[in-house]
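What follows is a short report on a single structure.
As the structure is a computational prediction, the values presented were derived from the model and not from experiment.
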Amino acid sequence: MSSNSRSKSGKPSSSGHTQKEKPLRMPVNPKRTMEASVFVSPKGKRPKQDDKDRENEGAGHLVSLPAKDATYVALASSPTAQGEAMQATNSISKLVEALVRCRDSEPDGYTEKAKQAIQKWLKRNTIFTDQPRLFGLFQQLQLLIPIEEKGERKDSPQVLVAGEREMYEPAKALIGFISECIRLQTKLKAQPQRLIEPFEKVDNTPVDSEYSWRIDIAMRCRSMSDTSLSPPTSGHSAVKEPKQRLSRPNVANTFAYIELKRHVKDTNEAYAQLFRYTKEIYATQHNRRFAWGMIMCNTIVNACVFEPNYAAASENMDLATAAGRKDLIRLFVNWSFCDSCKLGYDPAISYDDSSQCLVIQPEPTAGNPAMALYSREVLVCAEQMFGRHTRCFAVSANKPPPPDPGDKQRKPHQQMKCDTIVKDSWVEAPEDPAEDTRDEARHLSVITERLQNVNSVGGMYPRLRDDCKSGRVHLADPVTGNLYEDTSNTVLGDAVWSQLGKTSTALHVFKRIYMNDIGTPIKYARNVQELIIVAADVMRCHWQIVKECSILHRDVSLSNMLVCRDDDGSVHGMLIDFDHAVDIDATEGSRHAERTGTLQFMSVNNLARSHPRQTALDDWESMLYILCWAGTYGWSSQTRRDNTGRLGQPTLLKSWYTGLSHEELAEAKRNILHSEDLFNQVIMQFNYGLQGIMVLIKLVMQLRKVLIETYDDDRRGAMEVGEFQLNPDTNKPEYVIISDPFEKRSAMWEELSPLLLQTLEEYAQQAKAQLDPTSLPI
């Protein structure tokens, strides 16, 4: 990859691409769709990441697989298609090896022999007899198929080119050559469904990228029905296949990236860059279940499958050997023959041209026939390389008319009324659904049933749609029609998954939840007062769920607090995202063996992971951190510190998310909570430019007091108490913890939680009075 970068103007390009838009609210651009890849234009720049963090993002997630196993991930479902794919692989491999032999025998004058070999192959495999493009591609790629050295090969591959840039065109030609050979094999009984071809521009910044980095080679799918490579008359493709001319790359239509390096010693750097670029594919293509990628270091090629929790890389495919060339050809052939779900796309999400909407097809149930939901707005997109890849769509069951171009006041997504949120996520779960105690759909079902008559929390938690099946997503086998769960195992296949099982990789399950009640992200809280009101509603709902349903949320964070604005302009809060919630009764007496939540909002017990099971107090501690964070850094673009006054020095809150270990982060939080002076220093760094900040300051001080200083015995404070004791085994003194106030207080959660809620609700009343003096209780 070239290190050169360029500035981004964000203006419409000549190809019709629209101006950059802010993240999290995404109107659909109908001109950017691909085979099963649905694009929604992201707004604005995404948060910056340190270079070191970006380079190390894939550390610990990369596992190695045999090259053949990697190609099996994309194996076609039909036995007939599998057989034809194998025949195509063998046929193309024989042609390539014949061309290599021509050059090996006469390096200086093999042109005529190579033409004869291609003509002979064409007569055997296709109805086309004259294909100058195929020979032209071979002439461009010849540098990547070096003459094999006689005798034993050296440890490092033969030096091929003077620099990385000289690899771009030959590598692109190699992909084009394989793709053209696949297209020309018209005598096969089963035809490929698509071609994987390179964009013509190499070492280029995608036109719709949010970043200025340059991609070495980007690949995209092309429908076999569009053999002319000319743009369709309508100006854009059908939902399933792109038909635009393969020119400059764009993230919306990219199937996978290829990162090239001059030397094999740069393999790790190539992986780091590939990880970084692939992350934007997830953020842009909202029906991408998993992704592919490839690196090429000199003659060594490695294919990657990016699953939400890891990346599986193939072993070396060496283009200097016949076996390596055949493995690469097999992969491209399988990509061409397999079903779209094997490429990582979600077959349940498509694009409707007439209404210019995303179409989400829920799984049909016994009582409800197939239906469709329509969306022009993606509320949350998957912006991380690894994790749950949560996406949220605002949808309606009513198909809207096309956007009115004459409506200048409302954007297309504002011209349709949505009443449902669809949430997609990959969550860690057991293979047996009966053992899935953290199933969000199950939790929401219990909550809805037990709280339906509790008016004090009405509209403060999501409710499942009755006419849509929420929970684990199933895919249909295209041959048998049988349904199977969409999991890490079924994505990769049993053979590949068995390899990963040796690395203790957790199983992830794809789940889709359909929820009736809708709120907006916390960034739409207009001021400090609304933030406090939402926080009080969230924790009131949290407490009722704990009491009535015995369900503990365990992931209270800014992103899981929604703002619901009523018709009179007033607001209430909503608590969402029960992916990490647990049944309190089922975990009674057990210690928690995992960390859950957002790092800067995790409780001390959660971070340390060596203390008793989490209780409601851990979520209350998280709420205290949330309010301190919002007071310091803000919760929206309007309240962000950059808009109202910059910090002159790093804040104490930085120690909540930067450290060598989780234990260090826990210790930093202990220190700040224990020391009133340190906690006051945190408050001194609040953003005093925010109107109403004094109410928030008094609130956090009081919450800390109730949480830490309610008792006058060993339950008070935040620091562990220990003493030196003589270890009889080593005969050396050791510091032993004899008392921890967090552990002592965890047994008092039922007593402390109502006190904390009472405190928060009192300040919420003050906040309401500041917004509307008539709201004060008489």
Side-chain angles (χ1 to χ4, degrees), residues 52-53 56 59-63 310 428 501-506 552 554 580 582 584 586-622 624-625 650 652-682 704-705 707-752:
K52 185 177 180 181
D53 292 340
N56 295 329
H61 292 273
L62 189 64
V63 294
Y310 59 83
E428 185 177 331
K502 300 174 183 177
T503 65
S504 301
T505 301
L552 183 64
R554 300 201 308 164
H580 290 303
V582 293
I584 297 174
T587 58
E588 187 72 35
S590 62
R591 292 175 175 263
H592 56 274
E594 60 180 346
R595 296 183 179 95
T596 59
T598 306
L599 193 62
Q600 55 266 40
F601 307 138
M602 284 184 183
S603 69
V604 170
N605 273 349
N606 195 0
L607 288 167
R609 206 169 59 174
S610 58
H611 294 277
R613 63 187 178 89
Q614 288 175 253
T615 69
L617 293 184
D618 290 276
D619 286 347
W620 272 106
E621 189 180 334
S622 295
L624 175 60
Y625 298 146
L652 288 172
L653 271 60
K654 188 175 182 180
S655 63
W656 292 1
Y657 61 94
T658 57
L660 298 177
S661 67
H662 289 89
E663 288 72 19
E664 282 192 4
L665 302 181
E667 192 65 23
K669 288 183 175 180
R670 281 184 186 273
N671 290 331
I672 291 175
L673 287 179
H674 186 79
S675 169
E676 187 174 354
D677 289 339
L678 281 179
F679 194 78
N680 287 339
Q681 288 184 38
V682 170
R704 174 194 168 274
K705 184 176 180 180
L707 185 65
I708 300 297
E709 299 181 354
T710 297
Y711 305 102
D712 290 324
D713 50 21
D714 58 359
R715 294 170 293 182
R716 184 184 180 89
M719 300 305 295
E720 296 170 319
V721 178
E723 64 182 15
F724 283 99
Q725 298 178 359
L726 187 66
N727 188 323
D729 296 329
T730 62
N731 201 30
K732 293 182 179 179
E734 291 183 353
Y735 190 76
V736 179
I737 302 299
I738 60 174
S739 178
D740 183 351
F742 282 97
E743 184 171 356
K744 297 288 185 180
R745 284 195 299 269
S746 65
M748 312 302 297
W749 66 270
E750 292 178 279
E751 178 182 327
L752 283 174

Donor-acceptor check, side chain of [X] to backbone of [Y], threshold 3.5 angstrom: yes or no?
X      : Y      : value
Asn671 : Ala668 : no
Arg745 : Leu707 : yes
Gln600 : Leu653 : no
Ser675 : Leu678 : yes
Lys669 : Ala718 : no
Asp619 : Arg554 : yes

Compare all side-chain heavy atoms of [X] with those of [Y] and state whether any distance is below 4.5 angstrom.
X      : Y      : result
His662 : Leu599 : yes
Asp740 : Arg670 : yes
Leu617 : Asn605 : no
Phe679 : Leu624 : yes

Grab the two heavy atoms, one from [X] and one from [Y], that are nearest each other, plus how far apart they are.
X      : Y      : answer
Gly717 : His674 : CA-ND1, 3.6 Å
Lys654 : Thr658 : O-OG1, 2.6 Å
Thr710 : Leu752 : OG1-CD2, 3.7 Å

* Return the set of residues passing ring-ring contact (aromatic ring centres under 6.0 Å, His included) with Trp656 (not counting sequence neighbours), or none when no residue passes. =>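 Once residues adjacent in sequence are excluded, the partners of Trp656 under the ring-ring contact (aromatic ring centres under 6.0 Å, His included) criterion are Tyr625.
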* Lys744: what forms a salt bridge (Lys or Arg N to Asp or Glu O under 4.0 Å) with it, not counting sequence neighbours? ->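 Only Asp714 meet the salt bridge (Lys or Arg N to Asp or Glu O under 4.0 Å) criterion with Lys744.
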* **salt bridge (Lys or Arg N to Asp or Glu O under 4.0 Å) partners for Asp712, two or more places apart** =>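 Asp712 satisfies salt bridge (Lys or Arg N to Asp or Glu O under 4.0 Å) with Arg716 only.
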Atom pair [atom1] ([X]) and [atom2] ([Y]), whose distance is rounded to the nearest 0.5 Å:
X      : Y      : atom1 : atom2 : answer
Ile708 : Leu673 : CD1   : CG    : 5.0 Å
Leu652 : Gln681 : CG    : CD    : 5.5 Å
Thr615 : Phe742 : OG1   : CZ    : 11.0 Å

* Pick from Glu676, Glu621, Glu709: which one makes a salt bridge (charged side-chain N to carboxylate O under 4.0 Å, His left out) with Arg704? ->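 Option passing the salt bridge (charged side-chain N to carboxylate O under 4.0 Å, His left out) with Arg704: Glu709.
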